Chemist: 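Next up is a structure, given as structure tokens.
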Amino acid sequence: MRRLLGLALAAATTAGVLAGCGGGEDWVKDCTTTNGVVECDAANRHQVGAVTGELLDGGTYDVANDRGKVVVVNFWGSWCAPCRAEAADLEQTYQATKSKDVTFLGINSRDDRDAAKAFEKGRVTYPSIYDFDGDVALQFDVTQTSTPATLILDRQGRIAVALRRSTTASELQPLVERVAAERNG
């Protein structure tokens with residue numbers, strides 16, 4: 001019963017992450033949405049504000065330190081079956097694009113720290129913020145409908161793409177490469 005309650009709370013928190021805490025759906029009105037993928041041209045991108053948090057393995061992260069890079073942000077939990085399914089695709093895309101000034105960041109929610117660390121071990125090499133209560137996720141101030149979800153931030157820290165579901169390397173990598181190819185968006 002406790003596990004089910006935890007899962008329900010995690011789903012509700014994550015739904016709130018990209019569910020209108022301030023930004024609402026207004027940021028997507030001039031963007032294109034197809035099959036759970038929101039793509040915004042440079043003129044219509046939502047600026048992400050200050051996003052900071054404690055890393056799962058210690059230390060802190062501040063998105064401002066990655067301005068000038070494309071930042072791929074994945075919202076996940078070890079309790080999430082689609083998150084487990086997409087982890088290898090995320091890592092594959094990270095490895096394939098990091099030489100293009102692309103970085104990845106996980107946002108882990110509603111998880112026991114040890115379970116989250118065990119999930120990452122051997123799956124992904126990029127860092128994750130430990131966000132049990134969903135406070136960091138709320139800093140993105142946009143709308144998400146599920147976990148997993150992935151945001152692609154352009155070099156100016158604006159949301160270029162939001163995937164409101166799980167993804168694959170064959171879908172994600174071209175999106176990341178397209179945003180990475182932009183120089184003055």
Side-chain angles (χ1 to χ4, degrees), residues 2-18 36-37 48 50-66 69-140 142 144-153 157 159 161-173 175-177 179-180:
R2 182 178 282 174
R3 176 99 172 133
L4 288 175
L5 179 59
L7 291 175
L9 287 172
T13 296
T14 304
V17 170
L18 296 170
V37 179
V48 171
V51 176
T52 60
E54 177 189 350
L55 292 171
L56 189 57
D57 288 329
T60 58
Y61 175 84
D62 185 340
V63 75
N65 294 334
D66 282 329
K69 293 182 180 180
V70 171
V71 180
V72 179
V73 182
N74 178 256
F75 298 87
W76 66 277
S78 67
W79 45 265
C80 164
C83 299
R84 289 190 298 275
E86 74 175 359
D89 290 282
L90 290 162
E91 179 65 19
Q92 179 182 334
T93 303
Y94 171 60
Q95 293 300 328
T97 59
K98 67 182 179 178
S99 66
K100 298 174 182 176
D101 237 358
V102 173
T103 191
F104 276 53
L105 175 70
I107 306 289
N108 170 261
S109 65
R110 295 291 178 187
D111 235 334
D112 172 79
R113 187 181 293 267
D114 290 337
K117 285 181 179 181
F119 173 89
E120 279 196 331
K121 189 173 184 175
R123 282 193 174 97
V124 298
T125 58
Y126 53 85
S128 285
I129 290 176
Y130 182 65
D131 187 28
F132 183 84
D133 292 326
D135 296 333
V136 175
L138 291 174
Q139 294 173 23
F140 285 91
V142 293
Q144 170 183 326
T145 57
S146 65
T147 297
T150 302
L151 301 176
I152 303 172
L153 309 182
I159 300 170
V161 179
L163 294 102
R164 297 175 166 183
R165 55 173 171 67
S166 63
T167 189
T168 62
S170 63
E171 175 184 54
L172 183 60
Q173 187 170 333
L175 293 168
V176 172
E177 288 176 343
V179 175

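As the structure is a prediction and not an experimental result, all values here were calculated from the model. Position 1 is the first residue of the sequence; numbering continues from there.
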Chemist: Minimum heavy-atom separation for R113 to L55, with atom names?
Modeler: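 Minimum heavy-atom contact is NH1-O, 3.7 Å.
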Chemist: Looking only at heavy atoms, which two atoms of D131 and V136 are closest? And how far apart?
Modeler: OD1-N, 2.9 Å
Chemist: T168 versus E86: any side-chain heavy-atom pair under 4.5 Å?
Modeler: no
Chemist: Does a side-chain heavy-atom distance below 4.5 Å link I107 with W76?
Modeler: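 They are not in contact (no side-chain heavy atoms under 4.5 Å apart), so the answer is no.
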Chemist: Using the ring-ring contact (aromatic ring centres under 6.0 Å, His included) criterion, which residues pair with Y94? Sequence neighbours excluded.
Modeler: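 For Y94 the ring-ring contact (aromatic ring centres under 6.0 Å, His included) partners, ignoring immediate neighbours, are F104, Y126.
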Chemist: Partners of R123 by salt bridge (charged side-chain N to carboxylate O under 4.0 Å, His left out), sequence neighbours excluded?
Modeler: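 Residues passing salt bridge (charged side-chain N to carboxylate O under 4.0 Å, His left out) with R123: none at all.
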Chemist: Report the distance from atom CG of D89 to atom OG of S166, rounding to the nearest 0.5 Å.
Modeler: 9.0 Å
Chemist: Restricting to non-hydrogen atoms, name the atom on W79 and the atom on R110 that form the minimum distance, rounded to 0.1 Å.
Modeler: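 That would be NE1-O, 3.2 Å.
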Chemist: side-chain hydrogen bond (donor to acceptor under 3.5 Å, both in side chains) with K100: which residues, sequence neighbours excluded?
Modeler: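 K100 satisfies side-chain hydrogen bond (donor to acceptor under 3.5 Å, both in side chains) with E177 only.
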Chemist: Testing the basics here: between T97 and Q173, what is the closest heavy-atom pair and its distance to 0.1 Å?
Modeler: CG2-CG, 4.1 Å
Chemist: Flag the pair I152 / V70 as yes when at least one side-chain heavy-atom distance between them is below 4.5 Å, and no otherwise.
Modeler: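 Yes, at least one pair of side-chain atoms sits under 4.5 Å.
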Chemist: Are L90 and L172 packed together at the side-chain level, in the sense that at least one heavy-atom pair is separated by less than 4.5 angstrom?
Modeler: yes
Chemist: Quick one: list whatever passes side chain to side chain contact (heavy atoms under 4.5 Å, CB included) with T103, sequence neighbours left out.
Modeler: D66, K69, V71
Chemist: State, to 0.1 Å, how close I129 and T52 come at their nearest heavy-atom pair, and which atoms those are.
Modeler: CD1-C, 4.5 Å
Chemist: Could you tell me which residues satisfy side-chain hydrogen bond (donor to acceptor under 3.5 Å, both in side chains) with E120, sequence neighbours excluded, listed by chain and number?
Modeler: S128
Chemist: What are the two closest heavy atoms between L163 and E171, and how far apart are they?
Modeler: CD2-OE1, 3.3 Å
Chemist: Are L153 and V73 packed together at the side-chain level, in the sense that at least one heavy-atom pair is separated by less than 4.5 angstrom?
Modeler: yes
Chemist: Less than 4.5 Å apart, any side-chain heavy atom of V161 and any of V37?
Modeler: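 With C-beta onward as the side chain, the pair touches.
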Chemist: Rounded to the nearest 0.5 Å, how far apart are OH of Y130 and CG of N108?
Modeler: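 If I round to the nearest 0.5 Å, the distance is 7.0 Å.
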Chemist: Heavy-atom distance under 4.5 Å between the side chains of C83 and T147, does that happen here?
Modeler: yes
Chemist: If the condition is side chain to side chain contact (heavy atoms under 4.5 Å, CB included), which residues does A115 pass it with, not counting sequence neighbours?
Modeler: S78, D111, D112
